[in-house]
2 protein chains.
Amino acid sequence: MNAAEAGPIIQLVAVIIAVTANQPRVLTVGEATSGAPLALPSGPLDPAGDRTLERALRSWVRRQSGLQLGYVEQLYTFGDAARRDADGRRILSVAYLALVHEQQLAPAAGWQDCYGFFPWEDWRAGRPPMLESATAALRARTGAAGANLLAPELAERLEIAFGLGEAGWDPERSLERYELLYEAGAVAEATLDRGLMPDAGPAATLGGPGMAQDHRRILATALSRLRGKIKYRPVVFELLPERFTLSQLQQVVEALAGVRLHKQNFRRLVEQGGLVTSTGDYDYGTGGRPAKLFRFRRRVLRERAAPGLRVTPATGGA
Amino acid sequence: MNAAEAGPIIQLVAVIIAVTANQPRVLTVGEATSGAPLALPSGPLDPAGDRTLERALRSWVRRQSGLQLGYVEQLYTFGDAARRDADGRRILSVAYLALVHEQQLAPAAGWQDCYGFFPWEDWRAGRPPMLESATAALRARTGAAGANLLAPELAERLEIAFGLGEAGWDPERSLERYELLYEAGAVAEATLDRGLMPDAGPAATLGGPGMAQDHRRILATALSRLRGKIKYRPVVFELLPERFTLSQLQQVVEALAGVRLHKQNFRRLVEQGGLVTSTGDYDYGTGGRPAKLFRFRRRVLRERAAPGLRVTPATGGA
DNA sequence: CCTGCTTATACTAGGAATGAGCATAAGCGG
DNA sequence: CCGCTTATGCTCATTCCTAGTATAAGCAGG
């Protein structure tokens with residue numbers, strides 16, 4: 001057999017996340033000014049040289065962008081048949097999620113606001129208005145499915161993903177939401193990928209121009225994973241400087257979860273949970289009473305099985 | 001460039017789990033009687049035919065074993081340079097986790113007891129005795145690292161993975177435990193893979209003959225994932241028949257988590273949590289008072305964000 | 001039919017964790 | 001000193017969990 005024809009191309013994709021100025025950011029390549037869509041950084045696997053996939057990723061990220069990645073975890077492997085390169089060869093992408101500290105942020109690089117790609121995911125200022133049009137488009141499709149047997153199942157997925165039932169909005173389900181919108185043709189790339197979706201309807205440009213190929217789906221996968229993970233593993237600290245105030249910590253968590261939290265309860269959770277220790281120092285630049293500076297307390301890993309930060313939205317809404 | 005030389009081979013691997021007679025089982029291929037090590041079922045990705053990786057997996061599993069898979073999720077992609085086929089070509093394996101109902105169990109197929117591969121993971125009858133030798137081997141290695149800078153970090157990983165600190169035993173960390181044992185040369189395949197581990201020591205056959213290649217690592221990954229997932233998604237029901245008693249449900253959870261649970265509290269959790277509804281029927285074959293038969297209540301997905309089964313070990317220990 | 005065994009189910013006291021809010025402290029600019 | 005800001009401390013009612021005790025309802029054997 002001919003391996004040249006048989007084997008898909010293997011690609012590594014990096015979703016590199018940082019939080020700056022209360023916004024989750026993702027590193028992209030391609031200029032935003034030109035018409036070319038933004039893309040996630042990706043690179044090859046050198047089958048001869050790289051001992052592990054993760055090492056391969058680290059090495060070309062460092063070469064390409066100068067970033068020395070710290071926390072890295074494998075995210076998902078994307079292999080749908082529609083993924084092809086210019087020559088029509090199938091591409092298999094192994095995606096990784098990386099978290100970098102704020103100061104590591106290379107100044108010139110293309111950091112993009114994550115919620116620019118998913119405006120409906122940020123509830124920090126209350127329920128995002130465009131959710132109405134999004135769910136309306138989806139409901140229309142459910143209705144359109146009509147006599148189709150898929151309708152009730154679709155309706156259930158919709159209800160669960162967008163928190164229309166008693167469960168309410170679950171930040172973790174961002175991937176499911178993206179997938180529903182994609183299937184409904186309500187995001188830009190959906191209509192490009194398939195011609196078979198005539199009911200694209202009015203909301204075809206939800207969330208801006210999207211990204212190259214299926215990179216927006218990869219980013220949605222990363223957001224889901226990250227939002228889930230902060231609940232039971234202390235990954236937030238990978239995004240913060242060595243020393244931080246509790247407000248900073250809370251703001252990073254809120255930025256990731258896209259939800260506001262109750263300040264006093266958050267503080268209690270973090271302090272009583274043993275996740276941080278006070279350095280004796282203060283931050284005087286808060287604009288009010290100076291804030292104690294803390295650092296992550298590694299020992300908590302030995303003390304508690306699942307040390308994370310529960311994200312229970314504050315009642316106030318806004 | 002020559003794609004035939006450059007591209008690794010892509011393989012799909014299936015970890016197919018069922019629970020029968022209170023034991024988690026995994027489907028394997030290769031005869032246990034001969035000396036050939038057992039392997040997880042694996043198959044190719046047909047780049048021309050299969051639209052998605054998951055479909056590809058489902059189709060060759062059905063052809064090979066006659067099993068029609070229900071619940072399937074992607075597990076992890078394994079791509080270390082050491083993974084090679086007979087011709088020395090690098091293999092990239094995309095592993096999937098599948099759960100099947102007990103009655104789907106093909107009779108003749110090679111179902112193996114999972115804890116045969118990881119005897120230290122089953123705490124249902126109390127702390128497994130061989131843990132002593134395992135941790136002893138690991139401690140020896142930590143000690144041996146001596147002046148090495150790695151020592152404290154290794155000691156911390158050991159403490160966390162095996163629950164030596166206040167946190168106690170965390171069923172979810174089965175992969176970390178396997179990896180530590182592998183690194184220490186305390187499982188059979190470790191010494192085979194590298195010659196560079198002289199201090200294999202006395203415990204070199206922990207957990208029996210192992211599996212082909214790195215399949216035991218893949219199985220450990222699956223166990224970790226599954227143990228984690230039952231806590232926040234109702235996946236257990238994929239392993240049970242349509243109707244079941246609460247004791248059956250509890251036994252399946254216990255089998256997966258490898259831990260005993262408090263009966264009354266488990267019942268309350270499940271019933272008050274709205275995870276099940278009573279069918280009006282009873283199972284009279286329990287040997288005692290007849291047990292109500294329940295079924296999974298799908299609606300809970302709409303009502304609760306993370307409907308799962310917390311696994312808090314019962315105090316009794318044994 | 002009563003006894004003793006089994007497993008299933010009901011209920012409860014005490015404690016810990018959680019959700020929501022009030023109150024106070026300590027900077028700053030005027 | 002006033003009024004604004006942000007940070008921090010504390011309370012209180014409620015829910016949830018832990019670890020039990022107690023009761024129900026089968027079966028086998030005498």
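Just so we're on the same page: letters track the sequence lines, and every chain starts at 1.
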J.: D:dT8, C:dA8, C:dT9: which one has an atom nearest the side-chain heavy atoms of B:Thr286?
T.: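 Nearest listed nucleotide: C:dA8.
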J.: At under 4.0 Å between heavy atoms, what does B:Thr245 touch on the DNA or RNA strands: base, sugar-phosphate, or nothing?
T.: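 No contact.
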J.: Rounded off to whole Å, could you give me the CD-to-P distance for the A:Gln272 and D:dC10 pair?
T.: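 A:Gln272 atom CD is separated from D:dC10 atom P by 12 Å.
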J.: Could you check whether B:Arg227 pairs with B:Glu121 (Lys NZ or Arg NE/NH1/NH2 to Asp/Glu carboxylate O, under 4.0 Å)?
T.: yes
J.: Nearest-Å distance, CG (A:Leu249) to P (D:dT8)?
T.: 12 Å
J.: Using the closest heavy atom to pick a nucleotide of DNA chain D for each, name whichever of B:Thr312 or A:Gln251 lands nearer the 5' end.
T.: A:Gln251
J.: Of the nucleotides C:dT7, C:dG21, C:dA25, which has the atom closest to the A:Arg289 side chain?
T.: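 Between C:dT7, C:dG21, C:dA25, the one nearest the side chain of A:Arg289 would be C:dA25.
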J.: Evaluate the side chain to side chain donor-acceptor pair (under 3.5 Å) criterion for residues B:Arg297 and B:Thr277: first the C-alpha distance (whole Å), next the side-chain angles of each, then the deciding distance (0.1 Å), finally the verdict.
T.: CA-CA 6 Å; B:Arg297 190 165 153 277; B:Thr277 34; 5.6 Å; no
J.: Of the nucleotides D:dA7, C:dG21, D:dT21, which has the atom closest to the B:Gln264 side chain?
T.: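 Nearest listed nucleotide: D:dT21.
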J.: Counting only side-chain nitrogens and oxygens, does B:Arg267 get under 4.0 Å of the OP1 or OP2 atom of C:dA8?
T.: no
J.: Do the side-chain N and O atoms of B:Thr279 and B:Arg295 include a donor-acceptor pair separated by under 3.5 angstrom?
T.: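 There is no such pair (donor and acceptor under 3.5 Å, judged by atom type) between the side chains of B:Thr279 and B:Arg295.
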J.: Nearest to the side chain of A:Thr315, heavy atoms from C-beta on, is which of C:dA20, D:dG20, C:dA10?
T.: C:dA20
J.: Round to a whole Å and report the spacing from NE2 of B:His262 to P of C:dT9.
T.: 14 Å
J.: Rounded to the nearest Å, what distance is computed from the CZ atom of residue A:Phe266 to the P atom of nucleotide C:dT18?
T.: 13 Å
J.: Could you tell me the separation between the NZ atom of B:Lys292 and the P atom of D:dA24, rounded to a whole number of Å?
T.: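 Checked: the NZ to P distance equals 14 Å.
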J.: Specify the residue among A:Gly288 and A:Asn265 whose closest nucleotide of DNA chain C lies further upstream toward the 5′ end.
T.: A:Asn265
J.: Rounded to the nearest angstrom, tell me the gap between atom NZ in B:Lys263 and atom P in D:dT23.
T.: 18 Å
J.: OH of B:Tyr282 versus C1' of C:dA8: gap in Å, rounded?
T.: 10 Å
J.: Measure from the side-chain heavy atoms of B:Arg310 and tell me the nearest of D:dT8, C:dA8, D:dC17.
T.: D:dC17
J.: With the side chain counted from C-beta on, respond yes when B:Phe244 and B:Asp283 share a heavy-atom pair under 4.5 Å apart, and no when they do not.
T.: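 With C-beta onward as the side chain, the pair stays apart.
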J.: Both A:Pro290 and A:Arg268 contact DNA chain C. Taking the nearest nucleotide for each, which residue is further toward the 5' end?
T.: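 Closer to the 5' end of DNA chain C: A:Arg268.
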J.: Rounded to the nearest 0.5 Å, how far does CD of A:Glu303 lie from CD1 of B:Ile160?
T.: 10.5 Å
J.: Looking only at side-chain atoms of B:Tyr284, point me to the closest of D:dG26, D:dA7, C:dA8.
T.: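 That would be D:dG26.
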J.: Would you say A:Ser247 reaches D:dA7's phosphate, i.e. side-chain N/O to OP1/OP2 under 4.0 Å?
T.: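 A:Ser247 to D:dA7 OP1/OP2: side-chain N or O found under 4.0 Å.
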J.: Rounding to an integer number of Å, can you tell me how far A:Leu269 CG sits from C:dA17 C1'?
T.: 10 Å
